[in-house]
Amino acid sequence: MSRSSLGLLDRRLLFVTGKGGVGKTSVASAIGWLAASRGQRTLVCEVDAKGNLADAVGVGPLRFEPTEVRADLFAMAMDTEESLREYMRLNLRVPFVARLGPVARTFDFVANAAPGVKEILTVGKLAYEVRERHYDLVVVDASATGHVVGQLASPVAINDLVKVGLVRSQTDWMIDLLTDADTTGVVVVTVPEEMPTSETLELIGRLRDETEIDVASVIVNRVLPELFSKGEELLFDRLRTPEGAAALERRVGAPVDDVLAGADLAVRMRRSRVPHLTRLREGLGEDVDLLYLPYLFHRSHGVRATSVLADAIGDELGY
Ligand SMILES: Nc1ncnc2c1ncn2[C@@H]1O[C@H](COP(=O)(O)OP(=O)(O)OP(=O)(O)O)[C@@H](O)[C@H]1O
Ligand SMILES: [Mg+2]
């Protein structure tokens with residue numbers, strides 16, 4: 001598989017994945033936010049209908065039909081049945097498909113019985129938006145690690161099952177689009193903790209073994225800031241001695257134990273993350289870009305957090 005020398009936002013289709021709760025939705029929205037603010041017409045799509053994407057971009061519930069969030073930014077929620085209807089309307093020229101009420105029941109039956117059907121309706125819809133150049137960039141808030149490999153491999157799986165005909169002609173272009181590293185990339189979000197680090201390395205291994213899709217970058221989210229310089233740490237160490245604490249307390253006229261304990265905790269927490277970051281860096285090798293995003297100490301996590309994370313990604317990418 002070829003590697004791409006393009007920057008993250010120069011690709012056209014990005015699948016953002018990672019372990020549950022690490023920040024996939026936040027990062028997908030932030031990438032979309034950043035791209036749109038650079039003037040790229042961008043679509044962000046939530047695949048697992050949890051509704052968090054709507055909060056992150058500050059709009060009401062999302063539907064299959066994209067909502068314009070702000071200039072150049074659109075958001076939608078995947079709905080595989082709608083995707084099938086659209087596919088039939090566009091490809092089979094079945095104009096009355098909207099009136100096929102019971103299609104839902106048949107669809108559920110087929111989709112649940114045949115492996116890869118729901119997955120290909122998801123990936124196919126997004127790949128179609130890219131192929132038709134409806135957007136400059138499509139960012140997918142994709143499934144978590146357990147499910148994403150099957151999703152991304154679904155065109156190949158179906159291609160292997162169906163050798164000729166209409167379905168085959170559909171899977172061929174999708175595979176071409178997904179395996180072109182200049183077009184499509186996976187972004188794996190993680191946090192500097194033990195389990196997410198292991199899962200990330202395992203996922204990257206599986207993506208390399210089981211798909212031909214390029215890993216565009218790994219984004220480490222919730223990295224604790226370095227609050228104190230080395231010199232300041234030494235100063236706090238001295239202040240934590242009984243004499244130091246007593247002197248400080250006399251000076252400020254109030255108990256200082258909690259403040260000193262807090263400073264100690266901040267340093268320890270940050271240090272405890274370092275081995276995970278090192279393991280990740282070593283496990284990934286040199287050819288995967290690693291980006292770091294700060295822990296946000298905000299109470300609210302809507303549009304404000306999205307725009308802060310977008311700026312942080314922009315800084316990391318050198319924009
Ligand atoms: N850098 C950050 N600093 C602080 N909090 C964050 C950061 N990134 C995300 N969060 C918060 O962590 C929580 C989980 O984030 P998010 O919903 O983006 O994760 P997710 O991977 O999409 O989760 P799920 O697997 O449930 O879809 C949210 O409350 C979000 O606001
Ligand atoms: Mg999410």
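This chain uses plain numbering: 1 for the first residue, then up along the sequence. Just so you know, ligand 1 is whichever comes first in the structure, and atom 1 is the first atom listed for that ligand.
For the pair Arg12 and Tyr135, the cation-pi criterion (under 6.0 Å, within 45° of the ring axis) is not fulfilled.
Within the protein, the N, O or S atoms lying under 2.8 Å from the Mg ion (ligand 2) are Thr25 OG1.
In summary, the atoms of ligand 1 found under 4.0 Å from a heavy atom of Gly20, numbered by their order in the structure, are 25 (O).
Counting heavy atoms from C-beta outward, Leu34 and Leu317 have side chains that approach closer than 4.5 Å. Side chains of Val156 and Glu212 form no contact here, defined as non-hydrogen atoms less than 4.5 Å apart.
Contact between Val22 and ligand 1 is present, with at least one heavy atom of the residue lying under 4.0 Å from the ligand. Proximity of Ala144 to ligand 1 is not established, as no heavy-atom distance is less than 4.0 Å.
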May I have the step-by-step check of side-chain contact (heavy atoms from CB on, under 4.5 Å) for Val139 and Cys45, ending in yes or no?
CA-CA 6 Å; Val139 185; Cys45 174; over 6 Å; no

Just do the side-chain contact (heavy atoms from CB on, under 4.5 Å) check on Val47 and Asp141 with the steps written out, would you?
CA-CA 6 Å; Val47 163; Asp141 176 7; over 6 Å; no

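With respect to atom 8 (N) of ligand 1, the closest heavy atom belonging to the protein is Asn221 ND2, 2.9 Å. Among protein heavy atoms, the minimum distance from atom 20 (P) of ligand 1 is reached at Lys24 N, 3.4 Å. Annotation: atom 27 (O) of ligand 1 to nearest protein heavy atom, Lys50 NZ, 2.9 Å. At the shortest separation from atom 3 (N) of ligand 1 among protein heavy atoms lies Leu296 N, 2.8 Å. Nearest non-hydrogen protein atom to atom 5 (N) of ligand 1 is His301 CE1, 3.3 Å.
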Give the table of side-chain donor-acceptor pairs shorter than 3.5 Å for residues 66-77, with sequence neighbours excluded, one pair per line with atom names and distance.
{"residue": "Arg70", "atom": "NH1", "partner": "Trp33", "partner atom": "O", "Å": "3.4"}

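With salt bridges taken as basic N to acidic carboxylate O contacts below 4.0 Å, none links Arg63 and Asp79. A salt bridge is absent between Asp209 and Arg206; no separation between the charged side-chain nitrogens and carboxylate oxygens falls under 4.0 Å. The pair Glu233-Arg271 meets the salt-bridge criterion, with a side-chain N (NZ, NE, NH1 or NH2) lying under 4.0 Å from an Asp/Glu carboxylate O. Using a 4.0 Å cut-off between a side-chain N of Lys or Arg and a carboxylate O of Asp or Glu, Glu46 and Lys50 do not qualify as a salt bridge.
Counting heavy atoms only, Ser26 comes closest to atom 9 (C) of ligand 1 of the residues Ser26, Ala142, Pro294. Heavy-atom proximity to atom 2 (C) of ligand 1, evaluated over Lys19, Arg222, His298, is greatest for Arg222.
Here the side chain of Gln151 pairs no donor or acceptor atom with the backbone of Glu119 at under 3.5 angstrom. The closest donor-acceptor contact from the side chain of Arg41 to the backbone of His134 lies under 3.5 Å.
Annotation: Leu309 places no N or O atom under 3.5 Å from an N or O atom of ligand 1; distance criterion only.
For atom 24 (P) of ligand 1, the nearest protein heavy atom lies closer than 4.0 Å.
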